Undergrad: 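Below is the structure I would like to discuss, written out as structure tokens.
Reminder, nothing fancy here: chain letters follow the sequence lines and each chain counts from 1. Values in this document were obtained by computation on a predicted structure and should not be read as measured data.
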Protein chains: 2
Amino acid sequence: MTETPRPQRADAVRNRRALLSAAADEFAERGLDASIADIARRAGVGKGTVFRHFATKDDLLAAIVIDRMDALNAEGERLLREEPDAGVALRGFLAAAAEQRQQRDLSFLQQAGDLSPEVTAVRTRMYDTIDKLVDHAHESGAVRKDVTGTDVILLMCAPNYVVSYVPNAPPDLWRRYLAIIFDGLRPEGAQPLPHPPPATTA
Amino acid sequence: MTETPRPQRADAVRNRRALLSAAADEFAERGLDASIADIARRAGVGKGTVFRHFATKDDLLAAIVIDRMDALNAEGERLLREEPDAGVALRGFLAAAAEQRQQRDLSFLQQAGDLSPEVTAVRTRMYDTIDKLVDHAHESGAVRKDVTGTDVILLMCAPNYVVSYVPNAPPDLWRRYLAIIFDGLRPEGAQPLPHPPPATTA
DNA sequence: GGAGAAAGTGACCGAGCGGTCCGTTTAGTG
DNA sequence: CACTAAACGGACCGCTCGGTCACTTTCTCC
């Protein structure tokens, strides 16, 4: 039943990879409204080629988002499996998220809404992983009980956001703000939170 | 020496006010790329009128930014004068900042860079006020010593940022995240910070 | 109420965008 | 090597945007 969809031509796979990489760079430098023309030029191909590989600009963006979220989720699952200290695991995940986004300024990723069912799927998977990390951290007492997985998802991107307003920020300044926020998550001396958590994000 | 620059006509001041209000609303709803044409329509004037009052779109934005930052700074100075508990004062200021930005979604304000010397001036004034609030909080022991004024400036907008990813968020959800972050600023049980603070933002 | 300056208006311009289309090039195959 | 389908390229289209300008309307003051 499975069709044999004639493998892609060599130049096509090469160009697709170049395009993905150029797009990530370009989005990183100019934000979400980097132009397709610039991306094409950076990848050394014509504009038409971009649309041959990705039907719309959003599809191109979705491909990048899926790639990164998948990698991040994999790291989360690895920590879940291999790191016995639940607090260290959660913090390690948050660090990985911040690092990935800092490496090439990928903060634009956050602005990407629901681009496609695939994006929604990989995001849901990642949210599940985060929920598990937070549950374990609750059980081990590393994180205050009134903080939910959704809270952590929301706070996850805050260090990068904060750092993005520092011109020429050193590449690991985010560690400072992650530390402050993580301290806010710890149970010691925590004040009761003034507002119920939001429902889980769809 | 002071010239007497013939006061503005009545319709001019009326339209200017309408324009500022319409622009704030429009920017709040559509972000920074709300179009001048839409703003003009909302204010009930022609497009040409917008440019009569504000030479460029950036000038219009700058006028709004100055307005809001000035108000916020005034509140900060009031707290400095009237609130004896330095911890309460700092927290009150952060709450005022979050509230102002939430009220009409003004998160776009953060994205506004250096639009004009006036913006830079009012921003510098506000930063001074924040520095004083933080200094007092240090002295009274309400805030950990290794957190600087610049840190607070950077973290100030994080609650709004976080909430902006919750669809149909209740209007004071920001309080939850301000509480978490503020807990991270308190000296009790704080872990040493892993990275030096950035230099004061110009 | 009338003169003149100030303010308002919307058609218009040029630039840049995402996306299309078709003639051309090129990788794979027997 | 020759042939074909896949992939490429870039001129082109329609649209929207910020900003301009010549003309009209409205306020203000005597």
Undergrad: Could you give the NZ-to-P distance, from Lys57(A) to dC15(D), as a whole number of Å?
TA: 19 Å
Undergrad: Would you mind reporting whether Val166(B) and Thr150(A) have side-chain heavy atoms less than 4.5 Å apart?
TA: no
Undergrad: Atom CG of Leu19(B) to atom C1' of dG8(C): distance rounded to whole Å?
TA: 12 Å
Undergrad: Report yes if at least one side-chain N or O of His53(B) is closer than 4.0 Å to OP1 or OP2 of dG8(C); otherwise report no.
TA: yes
Undergrad: Just so I know, are the side chains of Arg42(A) and Glu29(A) near enough to count as touching, which here means a heavy-atom distance under 4.5 Å?
TA: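 A side-chain contact under 4.5 Å exists here.
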Undergrad: Could you encode protein contacts along nucleotides 20-26 of chain C as a string, one character per nucleotide from 5' to 3', using B for base contact, S for sugar-phosphate-only contact and - for no contact, with a heavy-atom cut-off of under 4.0 Å?
TA: B-----B
Undergrad: Figure out the CG/P separation between Asn15(A) and dG10(D), and round it to whole Å.
TA: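 Checked: the CG to P distance equals 13 Å.
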Undergrad: Between Arg14(A) (CZ) and dG28(C) (C1'), how many Å, whole number?
TA: 14 Å
Undergrad: What parts of residues 35-44 of chain B reach DNA chain C, counting only heavy atoms under 4.0 Å away?
TA: none
Undergrad: Of all the heavy-atom pairs spanning Pro170(A) and His195(B), show the shortest one and how long it is.
TA: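 Answer, listing the atom of Pro170(A) first, then His195(B): CG-CE1, 3.5 Å.
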Undergrad: Which whole-number value in Å describes the distance from Gln8(A) CD to dA5(D) P?
TA: 18 Å
Undergrad: List the atom of Ala71(A), the atom of Gln100(A), and the distance in Å for their closest heavy-atom pair.
TA: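 Minimum heavy-atom contact is CB-NE2, 3.9 Å.
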Undergrad: Take the protein atom CG of Leu32(B) and the nucleotide atom P of dG18(D), then report the distance between them rounded to whole Å.
TA: 11 Å
Undergrad: CG of Leu61(B) versus C1' of dG18(D): gap in Å, rounded?
TA: 14 Å
Undergrad: For Arg16(A) and Ala10(B), take the nucleotide of DNA chain D holding the closest heavy atom to each; which residue's nucleotide lies nearer the 5' end?
TA: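 It is Arg16(A), whose closest nucleotide lies nearer the 5' terminus.
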Undergrad: For a quick test of reading the model, state the closest non-hydrogen atom pair linking Ile130(A) to Gly149(A) and the distance between them.
TA: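 So the two residues come closest at CG2-O, 4.1 Å.
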Undergrad: Do Tyr127(A) and Thr124(A) have side-chain heavy atoms sitting under 4.5 Å apart?
TA: no
Undergrad: Rounded to the Å, how far apart are Arg30(B) CZ and dT16(D) C1'?
TA: 13 Å
Undergrad: Indicate the atoms forming the closest heavy-atom contact of Cys157(A) with Tyr161(B), along with that distance.
TA: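 Smallest heavy-atom distance, with atoms named: CB-OH, 3.6 Å.
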Undergrad: Can you name the closest pair of heavy atoms from Pro196(B) and Leu173(A) and give their distance?
TA: O-CD1, 3.7 Å
Undergrad: Where does DNA chain D pair, written as one dot-bracket string 5' to 3', with Watson-Crick or G-U pairs under 3.5 Å, ( ) inside the strand, [ ] for crossing pairs and | for another strand?
TA: ||||||||||||||||||||||||||||||
Undergrad: Can you confirm whether Thr129(A) sits close enough to Leu80(A) that some side-chain heavy atom of one is under 4.5 Å from a side-chain heavy atom of the other?
TA: yes
Undergrad: Phosphate oxygens OP1/OP2 of dT9(C): is one of them under 4.0 Å from a side-chain N or O of Thr49(B)?
TA: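 Answer is yes, contact under 4.0 Å.
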Undergrad: Below 4.5 Å, heavy atoms only, C-beta onward: do Thr148(B) and Val134(B) meet side chain to side chain?
TA: no
Undergrad: Nearest heavy-atom pair of Ile64(B) and Ala23(B): which atoms, and what distance?
TA: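 Looks like CD1-CB, 3.8 Å.
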